[in-house]
Amino acid sequence: MSTSLAAQLVAAIGEDRAHTAVVVRAIYQPVGGAGNSVMPPTFPLEERERDLTKKYLIADRLVDGEVVKTVTIDQEQSQANRVEEALRDARDSGRIELPMLELRAPTSHGEVRITSFDAPHRYADAYWRDSMIDGVRFDKSPIGQRLRSVGAADARPLFEREPASLIFGAWDSHRKGRWPKFARLYTAIMFGVGPVFGARRGGRLDPLNLTGAVDSKEKAENDWQYVAEGAKKSGQKLSEIGHGNIAPNPVPGGVTVREIRRLASISLAGVERLRFGDVSPEAATTARAALVALALAGDRLAFARPSVWLRSGCDLAKMSEEIGLERPGGGLEPLDVSVSAAIDAFHELKASAAKLGVEMATDVVSVTPIPSLQKAIEATVAHAASDEG
């Protein structure tokens, strides 16, 4: 093995490891400048709550030794999903070699595709349980049986077929019996420091200021009938089929913040807990290092670029970033990690682990939905298409 990033990761996860985690620390601001507002994720209000700022997740945090008010910009689950999406796209383009489960379901409105990078419960998702491989129910197929054999003492089935489950966490809660829980090894969050809440009103102006009503909003795409100005009932307002004015109403107004921080880590103690059956210590260490490299590659694919777009109204420019191996006490030993370097380290470690007896597949396992799931997919897609018009 070369004296490259791959070798550094093997040393970091070895028996004499002196580090706690691989850590990424970054600071962002809104594209256009720190005074621009950003839109955090919103959550339902309690009944009768009128304070729209409570749609955001606000919390006090210790930042640089001081207690400050912060607002969540992106939660752990969302950050993990962004990394998985980046890995899926890199795999699709041939940039990284990874195994993948893939469900394709034809519908009257186009094909639906779900991969193991999209499924919420990863290897244990109900989409796989309710699918077939060559006419055999997934759980009874050789690959399904292999995944079902995973245990705390031997993570090789997941390393082989669904390594993302080991990195981002997974638990089979959809099947009877006691199944092992794999805690996430990769965690990341983005939060804004010192939020100042904005105010905004949303409405719509009709260029003709149409007035009156409609006989039924259910006829919006067909032959609806105009009803002259008068008492309007629910479901009969012109605004409900896209015409007429809507008076401005309060809507979440976003926030301005001093800065946005991103913290990501790959736990070396967590990786160390993974077991790989009866393989040699060298093989286990190499497999663990491969998982660290894969997590790092995913992070770099998703967040190495100069800016990130999280959602409408949340386009962020990177101001600074540091990546390193964290020592006890919080100090970082810098790592020089580009996207290509992280991917190369993963490929190198994956190949080395395979030579030592811990292999990771690279093929796509194609599955088809059982008839009941196919019907559910078809109905849902058709309903969504009708809503979109």
Side-chain angles (χ1 to χ4, degrees), residues 20-46 49 51-86 167-169 183-200 251-267 270 295-296 298-326 329-332 335 337:
T20 62
V22 177
V23 170
V24 181
R25 301 171 183 161
I27 295 177
Y28 291 80
Q29 71 174 18
V31 166
N36 275 354
S37 64
V38 295
M39 297 299 295
T42 57
F43 302 88
L45 291 172
E46 294 183 8
E49 178 60 66
D51 183 356
L52 294 181
T53 66
K54 292 187 177 180
K55 292 181 76 72
Y56 304 137
L57 290 181
I58 308 297
D60 289 336
R61 290 178 181 270
L62 274 174
V63 178
D64 297 332
E66 296 183 4
V67 178
V68 298
K69 193 171 294 296
T70 66
V71 57
T72 296
I73 300 298
D74 215 32
Q75 293 192 94
E76 288 88 344
Q77 303 96 311
S78 179
Q79 289 273 290
N81 291 158
R82 296 181 197 283
V83 172
E84 289 178 283
E85 180 181 318
I167 294 169
F168 303 110
R184 65 169 68 106
L185 306 175
Y186 171 94
T187 60
I189 190 170
M190 297 181 77
F191 59 86
V193 178
V196 177
F197 299 102
R200 189 166 64 100
V251 294
V255 298
T256 55
V257 293
R258 187 162 71 238
E259 63 185 19
I260 294 168
R261 296 199 176 192
R262 178 173 186 266
L263 303 176
S265 64
I266 306 164
S267 171
L296 188 54
D299 183 276
R300 296 296 78 204
L301 282 162
F303 293 102
R305 298 179 68 79
S307 64
V308 294
W309 187 92
L310 301 183
R311 66 188 64 86
S312 178
C314 198
D315 195 1
L316 307 178
K318 187 186 297 181
M319 305 302 293
S320 65
E321 183 179 66
E322 57 180 345
I323 307 172
L325 289 165
E326 183 185 63
L332 286 190
L335 287 174
V337 187

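Count residues from 1 along the sequence. Because the structure is a prediction, the values reported are computed rather than measured.
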### Task
Starting at CD1 of I167, measure out to CG of D299 and round the result to the nearest 0.5 Å.
11.0 Å
### Query
Looking at residues at least two apart in the chain, or sitting in another chain, which of them share a side-chain contact (heavy atoms from CB on, under 4.5 Å) with E321?
V24, A26, R300, K318, I323
### Task
Side-chain contact test, heavy atoms from C-beta onward, threshold under 4.5 Å: evaluate it for I73 versus Y28 and give yes or no.
no
### Message
Looking at R82 and A302, would you say the former's side chain and the latter's main chain have a donor-acceptor pair under 3.5 Å?
### Response
no
### Query
Roughly how far, to the nearest 0.5 Å, is the CD atom of E84 from the OH atom of Y186?
10.5 Å
### Message
Working to the nearest 0.5 angstrom, can you tell me the gap between Q77 CD and I189 CD1?
### Response
9.0 Å
### Message
Would F197 and I58 count as a side chain to side chain contact (heavy atoms under 4.5 Å, CB included) here? Give the steps.
### Response
CA-CA 11 Å; F197 299 102; I58 308 297; 3.6 Å; yes
### Message
Show the nearest heavy-atom pair for residues R184 and F168, with the distance to one decimal.
### Response
CB-O, 3.4 Å
### Query
Between CZ of R262 and OG of S320, what distance do you get to the nearest 0.5 Å?
12.5 Å
### Query
Quick one: salt bridge (charged side-chain N to carboxylate O under 4.0 Å, His left out) pairs with a partner in residues 22-40, sequence neighbours left out?
R25-E322, R25-E326
### Main-chain N/O of A21 paired to S267 side chain as donor or acceptor, under 3.5 Å
no
### Sequence-distant partners of S37, side-chain contact (heavy atoms from CB on, under 4.5 Å), two or more places apart
T256
### Task
Using modelled atom types only, decide if a donor and an acceptor are shared between the side chain of Y56 and the backbone of G254 within a distance under 3.5 Å.
yes
### Message
Rounded at 0.5 Å granularity, tell me how far CG in L325 sits from OG1 in T20.
### Response
8.5 Å
#### Entry: Rounded distance (nearest 0.5 Å) linking atom CG of L263 with atom CD of Q79
9.5 Å
